[in-house]
Amino acid sequence: MKVATWNVNSMTARWPRVREWIERHEPDVLLVQETKQTDEQFPFDALSEVGYDAAHYGNGRWNGVAVISRVGLDDVQRGLEGDDEARFISASCGGARVYSCYVPNGRALDDPHYAYKLRWLSSLRDVLAGRAPDQAVIVGGDFNVTRSDLDVYDPRVFEGATHVSARERAALAAILDTGLVDLGRSFHPDEPSYTWWDYRNGSFRRGWGLRIDYLFCDPATAASATAAYVDRDARKGIKPSDHAPVVAELNS
DNA sequence: ATGTCCCAACTTTTGGGA
């Protein structure tokens, strides 16, 4: 099974790139964040024409998450309990429980949105901690947190900022501590493997990136993996998202 | 430190968010 996660930064603006990417890479499951669409706007019909089922959870202007699958799509759950923003959707696809997550940005360490980000990560941890021990799980998304300074092009630039702070890194570590493997890092232990570059300042050309998008899975699924990588080519060209997809190839 | 992009609307410019 080939699985990917991608923050598309508006499915409306990105649909030509997303369709092209799906046809070229033929993922079995694509986890999407920041569709910025209502369910009515989401391209269910166009996806069906290329062989995919989809489930979407979105309110329109902000956020919006989806699961796109050609290996089945059942038991869809939308939203984290107590959260009214469209940042979480899960489904059963090809024998695995898959999750598409869009973690709050946080904005600044003294902003209420940062406390919301920490609460949200804690809620996600609780959901994942409650899974059955033998359940195959794939958790993907834009976590808006770097795991370590290896994921940051220049840690000095981010002193005192979100995405690198100890509390959010601890909250992300607590998610991994439920028994999940970081597929991208396990295949590339020493490479930065950035997944996001700011649109401003020629950041992509200069290599100013962060690794904030992840595919996590249970150890048995990780043992079946043959590859995991960032598709940097998707960040190039006409009207790219500011995020690149993270892709994993599994023998399960 | 911020050179961009995307969205909505009291819409043809501005403000919020990332």
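In what follows, every heavy atom counts, from backbone to side chain, and hydrogens, waters and symmetry copies are set aside. So you know, we letter chains A, B, ... as the sequences are listed, proteins then strands, and number each from 1.
- A distance-only check finds no donor-acceptor pair linking the side chain of A:T178 to the backbone of A:A129 [under 3.5 Å].
- Both the sub-6.0 Å distance and the 45° axial angle are not jointly satisfied by A:R24 relative to the ring of A:W21.
- Rounded to the nearest Å, the gap between the P atom of B:dC6 and that of B:dT2 is 22 Å.
- Taking for each of A:W208 and A:S10 the nucleotide of DNA chain B with the nearest heavy atom, the 5'-most of the two is the partner of A:W208.
- Residue A:K239 places at least one side-chain N or O closer than 4.0 Å to OP1 or OP2 of B:dC6.
- Nucleotides B:dA1 and B:dA18, compared at atom C1', are 16 Å apart to the nearest Å.
- Listed nucleotides B:dC7, B:dC5, B:dT2 differ in distance to A:R200; the shortest reach to its side chain belongs to B:dT2.
- When rounded to the nearest whole Å, the span between NZ of A:K36 and C1' of B:dA18 equals 7 Å.
- In this entry the distance linking CG of A:D198 with P of B:dG3 reads 10 Å, nearest Å.
- In this structure, A:N7 places its CG atom 12 Å from P of B:dC6, rounding to the nearest Å.
- Rounded to whole angstrom, the span from the CG atom of A:D242 across to the P atom of B:dG17 amounts to 17 Å.
- Residue contacts shown for A:N201 include a base, since a base heavy atom lies under 4.0 Å away.
- Here B:dG17 presents its P atom at 15 Å from CG of A:N144, a figure rounded to the nearest Å.
- Regarding A:N63, its CG atom lies at a distance of 14 Å from the P atom of B:dC7, rounded to whole Å.
- A:V139 is not connected to A:V181 by any chain of hydrophobic side-chain contacts under 4.5 Å among Ile, Leu, Val, Met, Phe, Trp and Tyr, and they are in different clusters.
- Closest-nucleotide positions on DNA chain B for A:M11 and A:Y102 were compared, and the one nearer the 5' end corresponds to A:M11.
- At most 12 heavy atoms of other shown residues, nucleotides or ligands fall within 6.0 angstrom of atom CD in A:E81.
- Comparing B:dA8 with B:dG3, their P atoms are spaced 25 Å from each other, to the whole Å.
- A sub-4.0 Å separation between OP1 or OP2 of B:dA18 and a side-chain N or O of A:R107 is present.
- Rounded to a whole angstrom, the distance from the C1' atom of B:dT12 to that of B:dC7 is 16 Å.
- Taking the C1' atom of each, B:dC5 and B:dC10 are spaced 24 Å apart, rounded to whole Å.
- No continuous path of ILVMFWY side-chain contacts below 4.5 Å connects A:Y153 to A:L150, so the two sit in separate hydrophobic clusters.
- Looking at heavy-atom distances under 4.0 Å, A:S241 makes no contact with the nucleic acid at all.
- When the side-chain nitrogen and oxygen atoms of A:R14 are compared with OP1 and OP2 of B:dC6, one or more of them lie within a distance under 4.0 Å.
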Side chain to side chain contact (heavy atoms under 4.5 Å, CB included) between A:H56 and A:V32, worked out: CA-CA 9 Å; A:H56 179 253; A:V32 176; over 6 Å; no
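- Across all strands, A:W196 comes closer than 4.0 Å to no nucleic acid atom at all (heavy-atom distances).
- Between the C1' atom of B:dG17 and the CZ atom of A:R87 lies a distance of 11 Å, rounded to the nearest Å.
- A straight line from CD of A:Q37 to C1' of B:dC6 spans 12 Å, rounded to a whole angstrom.
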